[in-house]
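Step one of this worksheet: look at the structure below.
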Amino acid sequence: EAQVTQNPRYLITVTGKKLTVTCSQNMNHEYMSWYRQDPGLGLRQIYYSMNVEVTDKGDVPEGYKVSRKEKRNFPLILESPSPNQTSLYFCASSLFGRGADTQYFGPGTRLTVL
Amino acid sequence: QKEVEQDPGPLSVPEGAIVSLNCTYSNSAFQYFMWYRQYSRKGPELLMYTYSSGNKEDGRFTAQVDKSSKYISLFIRDSQPSDSATYLCAMSPLSGSARQLTFGSGTQLTVLP
């Protein structure tokens with residue numbers, strides 16, 4: 001089944017404790033990205049990657065890191081999480097990263113930073 | 001002002017009603033218009049897309065674009081409880097990358113049996 005998977009689905013952590021949210025897609029997509037979704041603000045892009053070893057900042061990159069060492073994986077790293085990073089996070093992928101391409105989203109990771 | 005404005009709702013309608021969901025936008029470069037549906041505790045999934053102006057119909061769903069007014073709509077006929085979800089509009093320039101894809105904040109819809 002074609003899909004984007006994320007782990008963990010739910011995470012409660014404390015300020016400053018480094019964490020990684022994994023994302024994997026099995027569709028051989030070149031483009032992958034991370035969004036956060038907050039009430040009233042919608043989906044805001046954190047980072048994106050056009051292909052392996054090619055990553056760039058989105059609209060809200062502060063406090064986040066990513067890497068793209070393999071085509072299928074795009075982990076999101078919070079080196080020192082803070083309470084304002086409490087949010088619902090989505091990984092997404094698309095075939096070539098064109099605006100008209102269908103974005104395939106993962107099921108989401110709900111992060112709470114205490 | 002946001003590039004894409006969407007009434008967050010919540011919108012509650014009885015089963016069988018016609019639902020109208022709308023977005024307005026300010027960037028005249030937007031040419032691709034999409035509607036994503038997001039069920040509770042799930043990621044968004046593409047429902048419909050249209051290019052430039054006009055209507056597109058798919059079963060009970062009709063997407064409408066009015067570029068002169070910078071206004072897009074999604075109509076749901078004979079709404080069902082299974083249509084209860086958050087609906088997000090999304091837009092992109094003609095030759096834009098996914099980096100330029102802009103989402104509305106979503107409208108939460110509940111269809112009551």
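In the text below, chain A, chain B and the rest are named by the order of the sequence lines, each starting its count at 1.
The backbone N or O of Gln103(A) sits less than 3.5 Å from a side-chain atom of Tyr36(B), completing a donor-acceptor pair.
Inter-residue side-chain proximity for Gln37(A) and Thr86(B) is flagged as unmet; no heavy-atom pair is nearer than 4.5 Å. Contact of the Pro44(B) side chain with the Leu43(A) side chain is registered, since non-hydrogen atoms from C-beta on lie closer than 4.5 Å.
A distance of 11.5 Å separates CG of Asp38(A) from OG of Ser105(B), quoted to the nearest 0.5 Å. To the nearest 0.5 Å, atom CZ of residue Arg98(A) and atom CG of residue Leu101(B) are 13.0 Å apart.
Among all heavy-atom pairs drawn from Gln38(B) and Phe90(A), the shortest one is NE2-CZ, 3.2 Å.
Heavy atoms of other residues, nucleotides or ligands lying less than 6.0 angstrom from CZ of Arg44(A) number more than 12. Counting non-hydrogen atoms of neighbouring residues, nucleotides and ligands closer than 6.0 angstrom, the CD1 atom of Ile12(A) reaches no more than 12 such neighbours. Residue Lys67(B) places its NZ atom among more than 12 non-hydrogen atoms of other residues, nucleotides or ligands, all under 6.0 Å distant. Counting heavy-atom neighbours within 6.0 Å of Lys42(B) NZ, excluding the residue itself, gives a total of 12 or less. Under a cut-off of 6.0 angstrom, the local environment of CZ in Phe61(B) is crowded, with over 12 non-hydrogen atoms contributed by other residues, nucleotides or ligands.
For Met34(B), the part lying under 4.5 angstrom from a heavy atom of chain A is the side chain only. At a 4.5 Å heavy-atom cutoff, Gln6(B) makes no contact with chain A through either its backbone or its side chain. For Tyr35(A), the part sitting under 4.5 Å from any heavy atom of chain B is the side chain, from C-beta outward, and nothing else. Within the 4.5 angstrom heavy-atom criterion, no atom of Tyr47(A) approaches chain B. Heavy atoms of Pro8(B) lying under 4.5 Å from chain A are absent altogether. For Asp56(A), no part lies under 4.5 angstrom from a heavy atom of chain B. Interface residue Thr102(A): backbone and side-chain heavy atoms are both found under 4.5 Å from chain B.
Linking Ile, Leu, Val, Met, Phe, Trp and Tyr residues whenever their side-chain heavy atoms come within less than 4.5 Å leaves Val4(A) and Leu46(B) in two separate clusters. Residue Leu95(A) is not grouped with residue Tyr32(B) when hydrophobic side chains (ILVMFWY) are merged at heavy-atom distances under 4.5 angstrom, including chains of intermediate members. Using a 4.5 Å cut-off between side-chain heavy atoms of Ile, Leu, Val, Met, Phe, Trp and Tyr, with links allowed through other members, Ile76(B) and Tyr49(B) fall into different hydrophobic clusters. Hydrophobic clustering, with ILVMFWY side chains joined whenever heavy atoms are under 4.5 angstrom apart, keeps Val19(B) apart from Leu88(B). A single hydrophobic cluster is not seen to contain both Leu78(A) and Tyr48(A); linkage of ILVMFWY side chains at heavy-atom distances under 4.5 Å, directly or through other members, places them apart.
Among Ala98(B), Ser92(B), Gly106(B), the residue making the largest number of heavy-atom pairs under 4.5 Å with chain A is Ala98(B). Among Gly58(A), Pro39(A), Ser94(A), the residue making the largest number of heavy-atom pairs under 4.5 Å with chain B is Gly58(A). Note on Tyr31(A), Phe96(A), Tyr104(A): by heavy-atom pairs under 4.5 Å with chain B, the leading option is Tyr31(A). No other option in Asp101(A), Asp59(A), Leu88(A) has as many heavy-atom pairs under 4.5 Å with chain B as Asp59(A).
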